[in-house]
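Notes to accompany the following structure.
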Protein chains: 2
Amino acid sequence: MDDVTAAALSKIPIFNGLEPDVLDKIASHAHQNTYKKGKILFIHGDIAEHYYIVKSGHVKLFRETLDGTQTVIDVLSENDIFGHSLLFEDNRYPSSAEIAQTGVIISLPLSDLREEMYKNNDIAVNLLRAITLQLNHKDRELEHRFTQSATQRIGCFLLRQALKDKTGRPVITLPYDKMLLAARLGMQPETFSRALSRLKKKTGMKIEGACIHLDTLDRLSTYTCSSCSVKFPCKDLINKS
Amino acid sequence: MDDVTAAALSKIPIFNGLEPDVLDKIASHAHQNTYKKGKILFIHGDIAEHYYIVKSGHVKLFRETLDGTQTVIDVLSENDIFGHSLLFEDNRYPSSAEIAQTGVIISLPLSDLREEMYKNNDIAVNLLRAITLQLNHKDRELEHRFTQSATQRIGCFLLRQALKDKTGRPVITLPYDKMLLAARLGMQPETFSRALSRLKKKTGMKIEGACIHLDTLDRLSTYTCSSCSVKFPCKDLINKS
DNA sequence: AACAATAATTGACTTTAATCAAAAGGTAAA
DNA sequence: TTTACCTTTTGATTAAAGTCAATTATTGTT
């Protein structure tokens, strides 16, 4: 269990522009830890006491019904933050969190956030910024699960992945294994496999394991974004530094 | 276009505990208006300048793809607030808003909220409370669209409607027409009609137009909530005053 | 290298809900 | 009251994705 420096935290959007003493206090209560794949960080319904930052690896947020059916709410990667929206006493986690790929996670007590958001308007506004972004993200997710076919959902994921990679090259690497990605996109692994090969036929992409080559994003976006209400390239990604 | 009193606004959660002068200022910029069914308040992608409170009638929030397919994000009713999460300059509406049933809507400029959230931390915290609730709401929505059948989604809606009605009587009145409700629950009207009659057979409910009679909620919740990760009765409704 | 374990693919079949089409029921205006 | 319009229901068919089962790849471990 390692310590965390204020400098490391300052790059995270919700800590932008904070007074050094506030950041120091927050950092002093933070712990960095390597967790192995399969480790459960918290369970849906638990009283929330910590929020987390992913430094490496991947974290799966999911809900589970009595009969064991999982819904993946999100999969988080480097520098993603989660649990920070449980800002009020007796708030409970709205999903479970499991380490999907071994990595380093920073844990921070929610008590600091709950205290500081009353005293420190910067933090409150930063939190509003972060949480309203999440809200937009979920609106898009809901639309996509409804209007897009399985094949289009994969295409959309690939396009967004390509936009995030600022290298400009149309080579996409799947960030985690296909089973998890299938669940993340709301489909069965069998459906994922079939849908990906259909996408390959439609857009002429080349697939080598987790690596996908495209000559151009045009064919893919024409096919995929016809069932989306937002024109490609997605606004929420192109303005990001 | 009528004026709005501070007293009327004070009952809305995001204005809880505000200084009277702040509330007066906000109320002085508010306008109350009766809008007819079909009126569009804003379009997905417009720069957001107002937020709204529903005093009567219903408002449909939706997204639309190029081919005309609509996804209903939410349907809002009395005392619901919307557009208040567009707190930053150049934020755009993440969905369109249409009056689904003629009613009275209060419009308020976002500029006040954007200004006050920096000066008045109470407002920032109130907004955080409101927006984190919305977030939980969307997680549930996503899960339900994924794990529940069309029939169960209707059952879930009815149960939640029954819990909101604090009268305790297991008589549920559909708040708006079936086409809209079908869209709200992510299904076609034909599917809704068939699914409702299946639900009738399974749970022994009696349906007279928009009025649904149940002897007990037990049969309905047993059938419906088996594909949900939260035990009935839903926690987010029972603690509400 | 050989083994086990897990991940990915493929095939056959089933289920659910969408679609297309038509009829029945309601509501409001002329 | 009659007409027109819209909502709801019902029927027949289709399409998409889920399920079950078997096989092939891939990965990691001893």
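Everything quoted here is computed from the prediction, not taken from an experiment. The chains referred to below are lettered A, B, ... by the order of the sequence lines, with proteins before strands, and numbering in each begins at 1.
For the pair M179(A) CE and dA25(D) C1', the interatomic distance rounds to 14 Å; values are reported in whole Å. Atom P of nucleotide dT29(D) and atom NZ of K37(A) are separated by 11 Å, given to the nearest angstrom. Here the C1' atom of nucleotide dT10(C) and the CZ atom of F192(A) are 16 Å apart, to the nearest Å. Rounded to an integer number of Å, the gap from NZ of K201(B) to C1' of dT9(D) is 13 Å. Protein atom CD of E190(B) is 14 Å distant from nucleotide atom P of dA22(C), rounded to whole Å. For L181(B) and dT7(D), the CG to P distance is 14 Å, given to the nearest whole Å. One interatomic measurement links the two molecules: CZ of R198(B) to P of dT15(C), which rounds to 13 Å at whole-angstrom precision. Atom NZ of K200(A) is separated from atom C1' of dA8(C) by 13 Å (rounded to the nearest Å).
Comparing dT9(D), dG18(D), dA8(C) by their closest approach to the side chain of D177(A) singles out dA8(C). Closest to the S149(B) side chain, of the nucleotides dA17(C), dT19(C), dT8(D), is dA17(C).
Along DNA chain C, the nucleotide closest to F146(A) and the one closest to T191(A) are compared, and the more 5′ of them pairs with T191(A). For the pair S197(A) and M187(B), nearest-nucleotide mapping onto DNA chain C gives the more 5' position to S197(A).
The local environment of NZ in K55(B) is crowded, with over 12 non-hydrogen atoms from other residues, nucleotides or ligands closer than 6.0 Å.
Residue R194(A) places a side-chain atom within donor-acceptor reach of the base of dT19(D), judged by atom type and a 3.5 Å distance cut-off alone.
With salt bridges taken as basic N to acidic carboxylate O contacts below 4.0 Å, one links D139(A) and K138(B). Looking at R140(B) and D236(B), a side-chain N of the basic residue comes within less than 4.0 Å of a carboxylate O on the acidic one, giving a salt bridge.
The aromatic rings of Y93(A) and F42(A) sit parallel, their planes meeting at an angle under 30°, below the 60° perpendicular limit.
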